[in-house]
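Heads up, the thing below is written out as structure tokens.
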Number of protein chains: 2
Amino acid sequence: MPTSRSYWDSCGIARALDVVGERWALLIVRELLLTPQRFSELRQALPNVSSNVLADRLRELENRGVIRHGPADAEGPKVYELTEWGRKLEPIVRALGTWGIDAPQPPEPAALSASSVLIYLEDAARPDPTAPPTVCRLELGGRVWTVRLADGRLQVQAGETTTADASLRAEPKTLSTLLADPSALEKKCDDGSITVVGDLSAIRRLLYAGSGR
Amino acid sequence: MPTSRSYWDSCGIARALDVVGERWALLIVRELLLTPQRFSELRQALPNVSSNVLADRLRELENRGVIRHGPADAEGPKVYELTEWGRKLEPIVRALGTWGIDAPQPPEPAALSASSVLIYLEDAARPDPTAPPTVCRLELGGRVWTVRLADGRLQVQAGETTTADASLRAEPKTLSTLLADPSALEKKCDDGSITVVGDLSAIRRLLYAGSGR
DNA sequence: CCGCATCCGTCGGGATACTG
DNA sequence: CAGTATCCCGACGGATGCGG
């Protein structure tokens, strides 16, 4: 059964927290920022939330108008996705993530979902505006993503693209490590922890952009 | 004893929530946005948090570097105040409040602190840029505040000012009601639920600015 | 297998009383 | 005034069940 407690405070901040302040709620929103996801995908992205709590939160967030539950497109599997109101949380959640960079790392073992790394990548990226436009295909956490570098911006999209300069397959944590130290790219290629197809320098541009140059 | 659970997730968002995601934490931050406050003032502003939980949260937030506990200035009473890092939450908390405006109001009885109304006032205010600069003194929740209207902006400061066009004493909820319907100003004056001294039209400008014109 | 529901143990949080 | 001590309940977390 969903949580029903409230702060009993008419302040907008308190009312916002009545909606998305319960445990795991904002992490679910984080997961849905880039793409709708299924229950099992959310479980994989948030391995530390128990299934009953996840079900509770999803129901709550749906009842309160933050997310929606239904087939995104014709007769696909049922996915959870943000409503228009829920999407307005995006800049807030991203800002919270930027703020949290300065918070201490949790001790191992720590989870790291594909969405987390990609959101970080978008927000931290400072691509060279003079560099050539680049499109990379990413295989991350069992899904395919498209990353576009152009006009001094980095954008992530869920799904395949028709034309990519290169493709990279990695674990989210490995990609995170590479963003902290892009110079380790070749080594990671050699030891097989990542797989690169196509123009390696495109991947290199992505990593250096995502590391803030 | 403070909470020690974690999301065990290296994502910045999760780490931020490890710090300020526990219940009441962000409402404490809200209370400290405008001015440092003492324990008893926080209790009054957050009447629904029990003293032990408040003490726990304050200790946690202090340990994690969000707030500081000490005499703000020479030998005053001990107050809680935001650290530099904690202050970086300000735009996030304000944005959350703006988002929460569209969330349902909690059933009565609902609390409403002076800080809450004043933060809302600052964020919702759209003062007429052509109107004359105005300074109002506010007595709200047992404290004195200074509100300045100038250059199409509204700014709130804690404490007295030397020169004010008018002074208004009210309960936070009453002020909130007036911001929703500024035309009720005279009535509230008459029935004694507020007290105005000085230029009534200055208060009127404040209310209309705070109501988004 | 996916999408939950149920059961149960634990712990965070709420209310009250009390202390330096 | 500024918290602490205590008790209790509900939210949370883990495991398992179970229908589609």
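Chain A is the first sequence line, chain B the second, and so forth, proteins listed ahead of strands; every chain is numbered from 1. Everything numeric in this text was worked out from a predicted model, so none of it was measured.
For residues 32-44 of chain B, the set of pairs meeting the salt bridge (Lys or Arg N to Asp or Glu O under 4.0 Å) definition, not counting sequence neighbours, comprises Glu41(B)-Arg143(B). Judged as a ring pair (Phe, Tyr, Trp, His ring centres under 6.0 Å), the pairs with a partner in residues 1-48 of chain B (not counting sequence neighbours) are, in order, Tyr7(A)-Trp24(B), Trp24(A)-Tyr7(B).
If you measure from atom CG of Leu58(B) to atom P of dC1(D), you get 17 Å, rounded to the nearest angstrom. Distance, Arg59(A) CZ to dG3(C) P: 14 Å, rounded to whole Å. Residue Lys78(A) contributes atom NZ, which lies 18 Å from atom C1' of dC1(C) at whole-angstrom precision. Taking atom CD of residue Glu41(B) and atom P of nucleotide dG3(D), one finds them 12 Å apart after rounding to whole Å. One atom, CG of Leu54(B), and another, P of dG12(C), lie 18 Å apart when rounded to the nearest Å. Going from atom CD1 of Ile28(B) over to atom C1' of dG3(D) covers 14 Å, rounded to whole Å. The distance between atom NE2 of His69(A) and atom P of dC2(C), rounded to the nearest whole Å, is 14 Å. Residue Phe39(A) contributes atom CZ, which lies 8 Å from atom P of dA5(C) at whole-angstrom precision.
With sequence neighbours left out, the ring-ring contact (aromatic ring centres under 6.0 Å, His included) criterion links Tyr80(A) to His69(A). By the side-chain hydrogen bond (donor to acceptor under 3.5 Å, both in side chains) test, Asn48(B) pairs with no residue at all, sequence neighbours left out. Considering only residues two or more places apart in sequence or on other chains, Lys173(B) meets the salt bridge (Lys or Arg N to Asp or Glu O under 4.0 Å) condition with Glu108(B). Listed by chain and number, the residues in a side-chain hydrogen bond (donor to acceptor under 3.5 Å, both in side chains) with Asp190(A) amount to none (sequence neighbours excluded).
In this structure, Arg38(B) does not reach the dC1(D) phosphate: none of its side-chain N or O atoms is under 4.0 Å from OP1 or OP2. For Tyr7(A), no side-chain nitrogen or oxygen approaches OP1 or OP2 of dG14(C) to under 4.0 Å.
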Show me the donor-acceptor pairs, under 3.5 Å and distance only, between side chains in residues 94-104 of chain A and residues at least two apart or in other chains.
{"from": "Arg94(A)", "atom 1": "NE", "to": "Glu90(A)", "atom 2": "OE2", "distance (Å)": "3.0"}
{"from": "Arg94(A)", "atom 1": "NH1", "to": "Glu122(A)", "atom 2": "OE1", "distance (Å)": "3.0"}
{"from": "Arg94(A)", "atom 1": "NH1", "to": "Asp123(A)", "atom 2": "OD1", "distance (Å)": "3.0"}
{"from": "Arg94(A)", "atom 1": "NH1", "to": "Asp123(A)", "atom 2": "OD2", "distance (Å)": "3.4"}
{"from": "Arg94(A)", "atom 1": "NH2", "to": "Glu90(A)", "atom 2": "OE2", "distance (Å)": "3.0"}
{"from": "Arg94(A)", "atom 1": "NH2", "to": "Glu122(A)", "atom 2": "OE1", "distance (Å)": "2.6"}
{"from": "Thr98(A)", "atom 1": "OG1", "to": "Arg94(A)", "atom 2": "O", "distance (Å)": "3.1"}
{"from": "Trp99(A)", "atom 1": "NE1", "to": "Trp85(B)", "atom 2": "O", "distance (Å)": "3.0"}

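Rounded to 10°, the helix from dC1(C)-dG20(D) to dG20(C)-dC1(D) has 30° between the axis fitted to its first five pairs and the one fitted to its last five.
For the residue pair Ser167(A) and Arg137(A), a side-chain donor N or O sits within less than 3.5 Å of a side-chain acceptor on the partner.
Ser10(A) and Ala110(B) make their closest contact through OG-CB, 3.6 Å (heavy atoms, listed as atom of the first residue, atom of the second, distance).
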#### Entry: Annotated protein contacts, base or backbone, on nucleotides 12-20 of chain D with a non-hydrogen cut-off under 4.0 Å, one of B, S, - each
SBBB-----
